[in-house]
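Contents: one structure, followed by commentary.
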Number of protein chains: 2
Amino acid sequence: MSAHDVRTVRTNVRANVRTVPGPCAHWNDQDADFIREILDLVGDKWSVLIIGTLESGPIRYSDLADAIPGISQRMLTLTLKQLRRNGIVTRTTYPEVPPRVEYALTELGASLLATVLALAAWSADHHAEILRHQTSFDSATAT
Amino acid sequence: MSAHDVRTVRTNVRANVRTVPGPCAHWNDQDADFIREILDLVGDKWSVLIIGTLESGPIRYSDLADAIPGISQRMLTLTLKQLRRNGIVTRTTYPEVPPRVEYALTELGASLLATVLALAAWSADHHAEILRHQTSFDSATAT
DNA sequence: CGGTATCCAGATGGATACTG
DNA sequence: CAGTATCCATCTGGATACCG
């Protein structure tokens, strides 16, 4: 059923991009570009973690830092800037003392989160199978 | 409709992992792990390109290299090894002269390809919107 | 043909110190 | 509080040469 859902979505891409709908679409060069684009967006170390943390609603910079263990200030700032540049998050400054800055998901960001969770779904579904392959491959290689 | 499909899949993850189904699931720490896992799988520069090229059926090493412009022998070999390790592709050697080696997608690989195409779908759908955000952000930053 | 091995440049990201 | 600036280690991947 998961496979069926994905196929539905997949047909939609092509319908939008080249108006070639149908049940049996195939990989083409355009796909490569789109994949590169989304990997640039979320393929780094922290983007999806931040997006996921923002699901609960607007959150302050420091709370974000606390919610994402291991992230450095530098990477938090840098990644947030990229996400803002791509319209995934918004930054709102409240002129108070001490200053307060809140980050929130845009609609675009929310839809990206949903897509990313589909990825997590696949990963969860096949986690065990992948692990089995890894260990069998490693033991075969070791000998 | 795309959003609905994704939500369906998303609910399934949780059902499998923590048996907490329902219409309104939320991001949790498990998701982070699964995201890391799949990003390790396809977050690099060449994996998805290779997977996409393999959709058409089994293909020789050298034909694969020709089909993916810009890839070095080193990265082709390295990436193929990772994909084999994770059970995404198989390698078959034919003891002929000259030697022939064919790579093919496994079932797991095919389902991964479908999932990745869902990502491409999102990217295609929102490509224009992202571009608009980027240019407006850049011009706002430049001044 | 189908790789390996070595070397090296550039990108990524962590640690630390400092600032409005 | 919410960053910025600098320095540095590691990782990724390209070029090239060589091998079974």
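Lettering follows sequence order; numbering is per chain, from 1. Every value quoted in this text rests on a predicted model; they were computed, and no experiment measured them.
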Review point. Is a donor on one side and an acceptor on the other found under 3.5 Å between the side chain of A:Thr106 and the backbone of A:Ile88?
Key: yes
Exercise for review: Flag yes if A:Leu131 and A:Phe137 sit in one hydrophobic cluster, no otherwise; membership is Ile, Leu, Val, Met, Phe, Trp, Tyr, and two members link when side-chain heavy atoms are under 4.5 Å apart.
Suggested key: no
Point to revise | Which residues share a ring pair (Phe, Tyr, Trp, His ring centres under 6.0 Å) with B:His133, sequence neighbours left out | key: none
Exercise for review: For residues B:Leu83 and B:Ser47, determine if any side-chain heavy atom of one lies less than 4.5 Å from a side-chain heavy atom of the other.
Suggested key: yes
Exercise for review: Using heavy atoms and a sub-4.0 Å distance, could you list which residues of residues 57-65 of chain A are near DNA chain C? By number, please.
Suggested key: none
Point to revise | Within residues 94-106 of chain A: residues closer than 4.0 Å to DNA chain D (heavy atoms) | key: A:Pro98, A:Pro99, A:Arg100, A:Val101, A:Tyr103
Exercise for review: Tell me, please, which residues at least two apart from A:Gln134 pass side-chain hydrogen bond (donor to acceptor under 3.5 Å, both in side chains).
Suggested key: B:Asn86
Point to revise | Contacts of type side-chain hydrogen bond (donor to acceptor under 3.5 Å, both in side chains), residue B:Glu96, not counting sequence neighbours | key: B:Arg100
Review point. Relative to the ring of B:Phe34, is the ring of A:His127 parallel (under 30°), tilted (30 to 60°) or perpendicular (over 60°)?
Key: perpendicular
Review point. Heavy-atom distance under 4.5 Å between the side chains of B:Leu80 and B:Ile50, does that happen here?
Key: yes
Check your understanding: Going by heavy atoms closer than 4.0 Å, what residues in residues 67-86 of chain B are next to DNA chain C?
Key -> B:Gln73, B:Arg74, B:Thr77, B:Lys81
**Study point:** Derivation of the side chain to side chain donor-acceptor pair (under 3.5 Å) call for A:Trp27 and B:Thr53
**Key:** CA-CA 7 Å; A:Trp27 176 273; B:Thr53 305; 4.9 Å; no
Practice item. May I ask you to test the A:Arg60-A:Val101 pair for a side-chain heavy-atom distance under 4.5 Å? Key: no
Practice item. Determine the sole option in B:Gln30, B:Arg36, B:Glu37 for which the side-chain contact (heavy atoms from CB on, under 4.5 Å) test with A:Ser123 is passed. Key: B:Glu37
Study note, to complete from the structure: residues 68-92 of chain B vs salt bridge (Lys or Arg N to Asp or Glu O under 4.0 Å), sequence neighbours excluded, gives A:Asp138-B:Arg85
**Study point:** Start and end of chain B contact along DNA chain C [non-hydrogen atoms, under 4.0 Å]
**Key:** C:dC1 to C:dT6
**Study point:** Contacts of type side-chain hydrogen bond (donor to acceptor under 3.5 Å, both in side chains), residue A:Gln82, not counting sequence neighbours
**Key:** none
Check your understanding: Is B:Tyr103 close to B:Leu54 at the side-chain level, that is, under 4.5 Å between some pair of heavy atoms?
Key -> yes
Check your understanding: Rounded to the nearest 0.5 Å, how far apart are OG of B:Ser56 and CG of B:Leu105?
Key -> 9.5 Å
Review point. Given axes from five pairs at either end, by how many degrees does the helix from C:dC1-D:dG20 to C:dG20-D:dC1 bend, rounded to 10°?
Key: 40°
**Study point:** Neighbours of DNA chain D within residues 35-51 of chain B, by heavy-atom distance under 4.0 Å
**Key:** B:Asp44, B:Lys45, B:Trp46
**Study point:** 4.5 Å side-chain heavy-atom contact, B:Leu112 and B:Ile38
**Key:** yes
Exercise for review: Taking side chain to side chain contact (heavy atoms under 4.5 Å, CB included) as the test, write out the residues that go with A:Leu39, two or more places apart.
Suggested key: A:Ile35, B:Val48
